[in-house]
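All values below come from the heavy atoms of this structure, side chains included, with hydrogens, waters and symmetry mates left out.
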Amino acid sequence: MIEKRILSKEVSLRIGQKVKLAGWVDVRRDHGKIIFIDLRDKEGLTQLVFLPENKELYEKATSLRPEWVVLVEGEVKARPKGMINPKIATGEIEIAVENLEILSEAKTPPFDINTDGSQISEDKRLKFRYLDLRRERLKNNLILRDKVIQFMRQWLGKEDFIEIETPILTKSTPEGARDYIVPSRLEPGKFYALPQSPQQYKQLLMVAGFEKYFQIARCFRDEDTRGDRQPEFTQLDLETSFMSQEEILDLIERLYADIVKNISPDKKFTQTPFPRISYKEAMEKYGTDKPDLRKDKNDPNELAFCFIVDFPMFEWREEEKRWDAVHHPFTRPQSEDIEEIKECPEKIMGFQYDFVCNGYEIGGGSLRTYRPEILEAVFEVMGHKKEQIREKFGHLLEAFSYGVPPHGGIAPGIDRFVMILAGEPNIREVIAFPKTGDGRDLMMIAPSEVDEKQLKELHLKILSNEK
Ligand code: ASP
């Protein structure tokens, strides 16, 4: 048991006192007869000093190697003037060590962890992610991520939102991607789907009367390798009742403006209020629905937020020869004329909005259809037969027959936003344990085979493992 250990951030205030510190050997420097060790803990570095006078202790210090874990006791001393290091928080002090306990030894790490890591192959970094995370840059990214999430929770709490968890084992929700499915042991031949988002649950929470819901939600989408994506990612999932589109956009604008002002005050907004640009105007003017509106694209501190609004409700899928929802089928069409929706889907606009920052889509949302007959018409346009609609979405249609409030929401992604704040080139740098572009976890080695016994229990047979 280690008692009364203090962290490096407290040590500077204790000149003249005896303290106990624990952590990793960061670097060892031998200067003539004196051994200096930089001890690293979660808050930073502290310099330890070993003098040859105490022979036994000195010998022990001689054996120390990088990444060994040690516990030391000693006196905090002001450093001599010329030895002050203004670059670190504890640069004015050092510990004259009196006791050293080696808690564990370490093999030589497979790569240097004192650099920013960008020169090291990513496969290696992912395989030894627990070592990669010792790196200052990655540690700071995760601290930043935590600050953003904590801030969101508190801010939304003050706005009367409550956080509610929704299931991970659930049923397919159409968000336009393939589902990850989980076989049921108790019901042979049946499967759960992992949620592509909590979309239907959050709408059902509105039927339940919560009015203001949010969740830091994990979403799962089995998509082909395309750019900087992850099979699982995190969203700030949010839903409200009785709010207009503009009220939802205003809420998100205030939240994000406050996050930036409080957590990254060195960042500047290109424009406030964040512009609302119609999809048509964005396409005509910028040729994209996620325009990068920064004035100076070389400025790492510029944030250009905007909302893209008024998207078409449907788009034609030539390969499948059918209409699909641009956002998702729960989006409310801007027309309530069922005939028009069915006859001229190409003309129908949706109450859909995207949240864009520096050319990245960082979130999307919509007002939802709450009239069952319109929802059915939308599904029909998308090529679903009446019976299929009942089978797949009967629960939602039924729920809507018990008093449903007009509702709408949004789901800004956490990973991409933190990536932009941190100035990182991809989202893997701000996720503790990301997967490779092709969905593998190189550290845990997943996906992997399972035992024959497990397959049997699940009533499954592998017919082929060819790709
Ligand atoms: N469920 C949507 C998504 O994940 C967001 C929303 O409509 O609230 O993109």
Side-chain angles (χ1 to χ4, degrees), residues 145-146 148-177 179-180 193-221 223 229-243 245 247-256 258-259 307 325 327-332 351-357 360-370 395-396 399 404-419 427 430-431:
R145 185 185 176 106
D146 170 65
V148 168
I149 291 175
Q150 298 295 347
F151 191 92
M152 287 172 165
R153 289 201 153 107
Q154 285 185 9
W155 195 95
L156 289 166
K158 282 196 208 123
E159 294 269 334
D160 294 331
F161 279 77
I162 68 164
E163 183 166 13
I164 304 176
E165 290 168 83
T166 53
I168 294 294
L169 290 178
T170 176
K171 188 172 161 169
S172 177
T173 293
E175 296 269 355
D179 289 319
Y180 281 100
L194 304 185
Q196 292 187 33
S197 87
Q199 185 62 38
Q200 294 186 61
Y201 285 109
K202 68 175 172 176
Q203 293 194 237
L204 291 166
L205 287 170
M206 295 303 106
V207 179
F210 285 97
E211 296 190 30
K212 288 180 167 187
Y213 142 95
F214 81 99
Q215 179 180 194
I216 305 297
R218 198 68 68 81
C219 304
F220 305 86
R221 297 183 190 177
E223 288 174 302
R229 293 209 174 167
Q230 286 282 304
E232 52 182 302
F233 57 92
T234 310
Q235 288 183 339
L236 164 61
D237 194 48
L238 189 144
E239 195 75 7
T240 65
S241 296
F242 309 115
M243 276 169 91
Q245 171 168 314
E247 283 169 325
I248 295 171
L249 300 189
D250 175 65
L251 177 93
I252 293 300
E253 171 160 355
R254 285 187 294 115
L255 168 61
Y256 277 73
D258 281 350
I259 294 173
F307 292 107
H327 185 43
H328 52 55
F330 310 107
T331 296
R332 190 188 308 167
F351 284 110
Q352 178 198 337
Y353 30 86
D354 274 1
F355 188 29
V356 172
C357 180
Y360 293 101
E361 182 198 321
I362 59 166
S366 58
L367 299 184
R368 326 296 186 192
T369 298
Y370 61 100
H395 55 284
L396 203 63
V404 52
H407 57 285
I410 189 165
I414 304 273
D415 310 299
R416 186 136 288 131
F417 178 58
V418 175
M419 174 197 97
I427 58 174
V430 300
I431 298 175

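When every heavy atom of A325 is checked against every heavy atom of P329, the shortest pair comes out as CB-N, 3.7 Å. Minimum heavy-atom separation, P195 to I168: CD-O, 2.9 Å. Taking both residues in full, the closest heavy atoms of R416 and E361 are given as CD-O, 4.4 Å, listed atom of the first, atom of the second, then distance. Taking every heavy atom of both residues into account, I427 and I431 meet most closely at O-CG1, 3.3 Å. The shortest non-hydrogen separation linking A177 to Q196 is O-NE2, 2.8 Å. In terms of heavy atoms, F210 sits closest to I162 at CD2-CD1, 3.7 Å.
Atoms CG and CD, on L251 and E159 in that order, are 5.5 Å from each other to the nearest 0.5 Å. If you take CD on Q203 and NE2 on H407, they are separated by 3.5 Å, rounding to the nearest 0.5 Å. Once rounded to the nearest 0.5 Å, the distance linking CG of L249 with CZ of F307 reads 5.0 Å. M152 contributes atom CE, which lies 4.0 Å from atom CD1 of I259 (distance to the nearest 0.5 angstrom). In this structure, CG in L396 is found 5.5 Å from CG in L204, a value given to the nearest 0.5 Å. K212 NZ to D160 CG: the interatomic distance, rounded to the nearest 0.5 Å, is 5.0 Å.
Checked against side-chain contact (heavy atoms from CB on, under 4.5 Å), D146 has the following partners two or more places apart in sequence or in another chain: Q150. With sequence neighbours excluded, no residue satisfies ring pair (Phe, Tyr, Trp, His ring centres under 6.0 Å) with H327. Annotation: side-chain contact (heavy atoms from CB on, under 4.5 Å) contacts of I149 (sequence neighbours excluded): R145, R153, I216, I414. Applying the side-chain contact (heavy atoms from CB on, under 4.5 Å) test to R229 and every residue at least two apart in sequence or in another chain returns E223, R226. Here Y201 pairs with T166, P167, T170 under the side-chain contact (heavy atoms from CB on, under 4.5 Å) rule; sequence neighbours left out. The ring pair (Phe, Tyr, Trp, His ring centres under 6.0 Å) search around Y256 returns F355, F417, not counting sequence neighbours.
Contact check for Y353 versus I252: no side-chain heavy atoms found under the 4.5 Å cut-off. W155 is listed as a side-chain neighbour of D258, based on a closest heavy-atom distance under 4.5 Å. Using a 4.5 Å cut-off on side-chain heavy atoms (C-beta onward), F242 and E247 make no contact. The side-chain heavy atoms of V207 and Y370, taken from C-beta on, include no pair separated by under 4.5 Å. Side-chain contact between D237 and K202 is present, with at least one heavy-atom pair separated by less than 4.5 Å. Counting only heavy atoms from C-beta outward, the side chains of L236 and L156 approach each other to under 4.5 Å. The shortest side-chain heavy-atom distance between E165 and P198 does not fall under the 4.5 Å cut-off. Side-chain contact between R332 and P406 is present, with at least one heavy-atom pair separated by less than 4.5 Å.
With respect to E239, the side chain to side chain donor-acceptor pair (under 3.5 Å) criterion is satisfied by exactly one of R368, Q215, Q199: R368.
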side-chain contact (heavy atoms from CB on, under 4.5 Å) for K171 and Q200? Distances and angles first, verdict last. CA-CA 10 Å; K171 188 172 161 169; Q200 294 186 61; over 6 Å; no

After noting the C-alpha distance and the side-chain angles of C219 and F233, does the key distance pass the side-chain contact (heavy atoms from CB on, under 4.5 Å) rule? CA-CA 5 Å; C219 304; F233 57 92; 3.6 Å; yes

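By the 4.0 Å N-to-carboxylate-O rule, R254 lies close enough to D250 to be salt-bridged with it.
At least one donor-acceptor pair closer than 3.5 Å links the side chain of T240 to the backbone N or O of G408. Panel note: side chain D415, backbone T234; a donor-acceptor pair is recorded below 3.5 Å.
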